[in-house]
Amino acid sequence: MPRSVKVAVIPGDGIGPEIMSATVKVLDFLKLPFEFVRVNVGRKAWEKRGAAITDEDLDVIKSCDVVLKGPVETPVGRGTYRSVTVTIRKELGLYANVRPFRSIEGLALIPNVDIVLIRENTEGLYSGIEFRIGEDTALGIRVITRQACERILRFAFEYARRNGRKKVTAVHKANILKETCGLFLEVAKEVSTEYSDIAYDHAHVDAVAYDLLKRPERFDVIVTTNLFGDILSDELAGITGSIGVAASANVGDKYAMFEAIHGTAPDIAGKGIANPAGLMLAASMMLNHVGFSREADLLRSAVMRALTMKKVCTPDVGGRGNTDTFTSAVLDELSKMMSVV
Ligand code: ATP
């Protein structure tokens, strides 16, 4: 663990700056040896200087130990810029996206769900390799490589082993996408034989979308390709709580970046009612990653306790409060817990 941890802080667009300032406030309260380095990328940077993210931004990010990131807008359509998030994931080699989903009392559609979704982060349809042929035909290319499949599948099995998980389910659509999903499935079978202590099965993505609602207990760790992972994550966020309270870690061999799973929520930006819980829980994952596991647990517990108080919670989770009241409640809970530890 480094003595001082340099954290690249990317506020992002939409509600990003609001939830980031709330999250940095709770991190400051923990009085850890953090140095925050602010990096402004995304829509405003693009409007100001014609580039949503530059090589210099990436150098600054790479000079830090970890990254805490708010949502960054990716405009729809041609003539704009490519996803900043996808660029950072690629440049930093953040190949694994880890998204833990556990039912939150009072918010979950289905109780007792406890599933970790591991999503391949660097290739697949989500890379957005697309072309127009004339005006009326569009082509998208789905690149799937053995190397990236092996890396993410091994990551999933190692994750299961390290975290006392019992089973890994590989999710695909190999009956239709015989080459791309076929390769993913082939590698999944091979890698699974190296982990006799972890159960393995596989399933079609559409059946999984259904089973997550009907019998979620059949899943433990799910590993899947980029776009399927993106979609199933939102479903799992809805099942276990709400989009505003789900967190994720993007992990590579050298770097790691932590973020909420939601987008920029332009419909509520600037209104002071954005839910900072997802980013705060991502910050808790970050604390764990850099070795502050006690503080990680404290922050997680404080957020969970605050989420039970309707008076302070934001409207998206049925609360009567706003970003500030929720943040104050998290700080109060932290203060109470820290005074008894
Ligand atoms: P993007 O294009 O950046 O993904 P989006 O609007 O398509 O943006 P989200 O930003 O994830 O997708 O928002 C989906 C819905 O969930 C919106 O109604 C938004 O207001 C709500 N939402 C998302 N995150 C939060 C949050 N942290 N707090 C409150 N509501 C949220």
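In this chain, residues are counted from 1 in sequence order. Note that the coordinates shown come from a computational prediction; the quantities given were computed from them, not determined experimentally.
- Tyr210 is not connected to Leu232 by any chain of hydrophobic side-chain contacts under 4.5 Å among Ile, Leu, Val, Met, Phe, Trp and Tyr, and they are in different clusters.
- Crowding of Asn112 atom CG: a count of heavy atoms from other residues, nucleotides or ligands under 6.0 Å not exceeding 12.
- The side chain to side chain donor-acceptor pair (under 3.5 Å) test applied to Arg161 returns Asp197, not counting sequence neighbours.
- Side-chain contact between Ile61 and Met257: absent, with no pair of heavy atoms (C-beta onward) separated by less than 4.5 Å.
- Judged purely by atom type and a 3.5 angstrom limit, Thr145 uses its side chain to pair as donor or acceptor with the backbone of Ala148.
- Heavy-atom minimum distance, Ile118 versus Ala156: CD1-CA, 3.8 Å.
- Qualifying salt bridge (charged side-chain N to carboxylate O under 4.0 Å, His left out) partners for Glu150, counting only residues two or more places apart in sequence or in other chains: Arg154.
- Pairing each heavy atom of Ile88 with each of Leu94, the nearest pair is O-CD1, 4.3 Å.
- Within the 4.5 Å cutoff, no side-chain heavy atoms of Asp230 are placed close to those of Asn97.
- Here the options are Leu212, Leu236, Asp201, the test is side chain to side chain contact (heavy atoms under 4.5 Å, CB included), and the partner is Phe219; only Leu212 passes.
- For Glu186, the side-chain contact (heavy atoms from CB on, under 4.5 Å) partners two or more places apart in sequence, or in a different chain, are Arg146, Leu183, Glu190.
- In this structure, CD1 on Ile133 lies 12.5 Å from CD on Glu135, to the nearest 0.5 angstrom.
- Under a hydrophobic-cluster definition in which Ile, Leu, Val, Met, Phe, Trp and Tyr are linked whenever side-chain heavy atoms come within less than 4.5 Å, directly or via other members, Ile19 and Val7 are assigned to the same cluster.
- Annotation: the span from Phe155 atom CZ to Ile152 atom CD1 amounts to 6.5 Å, rounded to 0.5 Å.
- Annotation: side chain of Asn40 is in contact with side chain of Arg38 (closest heavy-atom distance under 4.5 Å).
- Of the possible polar contacts, none joining the Thr224 side chain to the Arg119 backbone as a donor-acceptor pair under 3.5 Å is found.
- Ring orientation note: the planes of Trp46 and Tyr81 are tilted relative to one another, at an angle of 30° to 60°.
- Between atom CD of residue Glu18 and atom OG1 of residue Thr23 there is a gap of 11.5 Å, rounded to the nearest 0.5 Å.
- Residues Val66 and Val290 form a side-chain contact, since some pair of their non-hydrogen atoms from C-beta on lies under 4.5 Å apart.
- Of all non-hydrogen atoms in Cys313 and Ala306, the two that sit nearest each other are SG-O, 3.3 Å.
- Residues His204 and Ala174 share a closest heavy-atom pair of CD2-N, 4.3 Å.
- Remark: the Thr122 side chain and the Glu120 side chain contain an N/O donor-acceptor pair separated by less than 3.5 Å.
- Residues Asn163 and Val116 are not in side-chain contact: their nearest non-hydrogen atoms beyond the backbone lie 4.5 Å or more apart.
- At most 12 non-hydrogen atoms from other residues, nucleotides or ligands lie less than 6.0 angstrom from CD of Glu105.
- More than 12 non-hydrogen atoms from other residues, nucleotides or ligands lie less than 6.0 angstrom from CZ of Arg142.
- Within the structure, the ring pair (Phe, Tyr, Trp, His ring centres under 6.0 Å) test picks out the following pairs touching residues 230-277 (sequence neighbours left out): Phe258-His289.
- Atom CG of Asp297 is separated from atom CG of Asn288 by 6.5 Å, given to the nearest 0.5 angstrom.
- The closest side-chain donor-acceptor pair between Tyr95 and Glu123, if any, does not fall under 3.5 angstrom.
- Considering CG of Asp220 and NZ of Lys166, their distance stands at 7.5 Å, rounded to 0.5 Å.
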Carefully, step by step, assess Val223 and Val171 under the rule side chain to side chain contact (heavy atoms under 4.5 Å, CB included). CA-CA 6 Å; Val223 59; Val171 176; over 6 Å; no
Apply the test side chain to side chain contact (heavy atoms under 4.5 Å, CB included) to residues Lys6 and Phe36: give CA-CA distance (whole Å), side-chain angles for both, the deciding distance (0.1 Å), then the verdict. CA-CA 6 Å; Lys6 236 170 133 183; Phe36 296 113; over 6 Å; no
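- Salt bridge Arg305/Glu333: present, at least one basic N to carboxylate O contact under 4.0 Å.
- Looking at heavy atoms from C-beta onward, Arg132 lies out of side-chain contact with Thr137 at the 4.5 angstrom threshold.
- Salt-bridge annotation for Asp114 and Arg165: present, with a side-chain N of the basic residue lying under 4.0 Å from a carboxylate O of the acidic one.
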Before giving the answer on side chain to side chain contact (heavy atoms under 4.5 Å, CB included), spell out for His202 and Thr169 the whole-Å C-alpha distance, their side-chain angles and the decisive distance to 0.1 Å. CA-CA 5 Å; His202 64 92; Thr169 303; 5.5 Å; no
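- Applying the salt bridge (charged side-chain N to carboxylate O under 4.0 Å, His left out) rule to pairs touching residues 81-92 yields Lys62-Glu91, Arg89-Glu259, sequence neighbours excluded.
- In summary, the side chains of Thr85 and Lys69 do present a donor paired with an acceptor at a separation below 3.5 Å, with no hydrogens or angles considered.
- Through direct or indirect side-chain contacts shorter than 4.5 Å among Ile, Leu, Val, Met, Phe, Trp and Tyr, Leu125 is connected to Val86, Tyr126, Leu227, Ile231.
- Shown here for Val208 and Ala203, the closest heavy-atom pair between the two residues is CG2-CB, 3.6 Å.
- In the displayed structure, Glu47 atom CD is contacted under 6.0 Å by more than 12 heavy atoms of other residues, nucleotides or ligands.
- Under the 30°/60° scheme for interplanar angles, the aromatic rings of Phe157 and Tyr200 are found to be tilted.
- There is no path of hydrophobic side-chain contacts, each under 4.5 Å, that joins Val187 to Val143.
- Between atom CD of residue Glu217 and atom CD1 of residue Ile115 there is a gap of 9.0 Å, rounded to the nearest 0.5 Å.
- Surrounding CZ of Arg218 are more than 12 heavy atoms belonging to other residues, nucleotides or ligands, all under 6.0 Å away.
- Of all heavy-atom pairs spanning Ala274 and Thr323, the tightest one is O-OG1, 2.7 Å.
- Put simply, Val39 and Met20 are part of two different groups of oily side chains (I, L, V, M, F, W, Y) that touch within less than 4.5 Å, one to the next.
- Ring orientation note: the planes of Phe34 and Phe292 are nearly perpendicular, at an angle over 60° on the 30°/60° scale.
- Taking 4.5 Å as the limit, every side-chain heavy atom of Ile273 sits out of range of all side-chain heavy atoms of Asp316.
- Under a hydrophobic clustering in which Ile, Leu, Val, Met, Phe, Trp and Tyr are joined whenever their side-chain heavy atoms come within less than 4.5 Å, directly or via other members, Ile243 and Val303 fall into different clusters.
- Checked for salt-bridge contact, Asp57 and Arg49 meet the test: a charged N lies under 4.0 Å from a carboxylate O.
- A heavy-atom distance below 4.5 Å is not found between the side chains of Leu68 and Ile10.
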Quick one, Ile15 with Thr264, criterion side chain to side chain contact (heavy atoms under 4.5 Å, CB included). Give me CA distance, side-chain angles, the key distance, then yes/no. CA-CA 6 Å; Ile15 59 170; Thr264 55; 5.6 Å; no
